[in-house]
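Okay, so here's the structure we're looking at.
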Amino acid sequence: MRRISIIGLGKLGASMAAAIASRGHQVIGVDVNRRAVDAVNNGRAPVQETGLQPLIEANRTRLRATMSHVEAIAESELTFVIVPTPSDDRGAFSLQYAAYAFREIGRALRAKTERHTVVLTSTVLPGATRRGLVPILEHHSGKIAGDGFGVCYSPEFIALGTVIRDFLNPDFLLIGEFDATSGEHLEACYREIIDHPVEVRRMSLENAELAKIAVNAYVTSKITFANTLAEICAKMPGGDVDTVSAAIGLDTRIGRKYLTGGLGFGGPCFPRDNIALSFVARALGVSADLCVSTDALNRSMAARIVSRLRGIISRDVTVAVLGLAYKPLSHVIEESPAIALAKAFLDAGARVLGYDPLAGTAADLELGGRALILDSVRDCLREADVVVVATPDPEFRTLTISDFASPGRQVTVIDFWRILPCELSAVSHIVYVPYGRGGDDADGGVLQRLWGETALHYGS
Ligand SMILES: NC(=O)c1ccc[n+]([C@@H]2O[C@H](COP(=O)([O-])OP(=O)(O)OC[C@H]3O[C@@H](n4cnc5c(N)ncnc54)[C@H](O)[C@@H]3O)[C@@H](O)[C@H]2O)c1
């Protein structure tokens, strides 16, 4: 049995604390927020995350929380630090919260005789751990890193909504180590937490810091590539982005994941990690063009879509945006492409209705009352002239033809994820636009102009 402490009982930290306790280890969590500490000590989840509440309840004997960093360090052998590292106005990540946590850990280490390993899990940029945070530990502990205590940087590759599952079933474990002893200690702990064989990659702190943001930045490029394919397919007679993605996804150099053309990426990690990689590139004198283009293409999607719909969006048109969170089954609207689209429709003068099974309240606040957020998808459909399926939520997959407006009223349905029944296109009062498929308005003339001459020239 290991004794682990976790500093920061937020979306990632609380889930990790419960998951580690569920593997039979003793876990003590620390938070500066008393409500989070009380919640854990009362067997309640301090944040909303799938499976967290039952996991905390089931592991109460091995999991407790405190506001004292000293107590937590004294009662554990290894500490994960998972505090916020918000983006600053340069696009880098602020170390403000981590610095405070490291100061408190440093003070606690001063009183401790056994070696202790401090593991930073928060997302930071290359150099931040060694140059920004280790000196704080050394100063306040009066000890030298690698001698008096160990240091690692070890981020997690998890998605909100599946944090516990992702943490316990990683594709690989990434360990940046100050020294070999620190890396060995963390690897040994991980091997007792993750109950199946898993690849471990140990490297310098800086390479691990870069690898973390590189994963998310790479995925954003891949999503944006798929979205570009979708835009091309939409303009091509017979074009079908799903057919193209399914085929190229079979190439092992590419793979199928994150290759579904749709409305773009958002959320608390993808956009900011991509921007942060541009920051690092520029700081080191390397071109940031790739990341900058990905970000710009993603952010300009809403404007491009509204501009393409110019003909049908006007002041007396009601648009229903179905799905407002940054992804299905989430209450998070941070950097949500659906919210960006709703704002673009509002700016174009349309009346906007919105619906999301979980994110309605957050969306209402964000849109400042400019859109009407309704409690049911069918209420939205009753009033809408234009319906936009902005997230591939399971609830929207169950919609049938009869849910859309009655005959006599024309409705345009733009399905960004192609999840509605194809039969919608056969209904006379519905114009069904599965985004990323070339329909009647796809411009065959362009292809004719490009290649028709060849046939004329060589055909006879
Ligand atoms: N949420 C994700 O999907 C995700 C995924 C990968 C990486 N990360 C990274 O993990 C880090 C934490 O993210 P999160 O989403 O869990 O944040 P969060 O805001 O949900 O939680 C952070 C917690 O840390 C506490 N805290 C702040 N300073 C503290 C201190 N000095 N001592 C003790 N507690 C302190 C806060 O009160 C809060 O409860 C960030 O760097 C984030 O980029 C998050």
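Position 1 is the first residue of the sequence, and the numbers go up from there. Just so we're clear, the structure is a prediction, and the values are computed from it rather than from any experiment. Every heavy atom of this structure was used, including side-chain atoms; hydrogens, water molecules and symmetry mates were not. Each ligand, and each atom within it, is numbered from 1 in the order the structure gives.
- A side-chain hydrogen bond (donor to acceptor under 3.5 Å, both in side chains) with T117 is found for exactly one of H185, E77, E177, namely H185.
- Remark: R201 fails to qualify as a cation-pi partner of F172 under the 6.0 Å distance and 45° angle criteria applied to the six-membered ring.
- Distance check: L210 CG to Y153 OH gives 10.0 Å after rounding to the nearest 0.5 Å.
- Screening residues 130-150 for salt bridge (charged side-chain N to carboxylate O under 4.0 Å, His left out) gives R130-E206 as the qualifying pairs, with residues at least two apart or on separate chains.
- Contact residues of ligand 1 (protein heavy atom closer than 4.0 angstrom to a ligand atom; sorted by chain and number): I7, G8, L9, G10, K11, L12, V30, D31, V32, N33, H69, I82, V83, P84, T85, Y97, Y100, A101, S122, T123, E156, I158, L160, K212, C269, R272.
- In this structure the side chain of F102 never reaches within 4.5 angstrom of the side chain of L95, judged on heavy atoms.
- Between the side chain of D356 and the backbone N or O of A325, at least one donor-acceptor pair lies under 3.5 Å.
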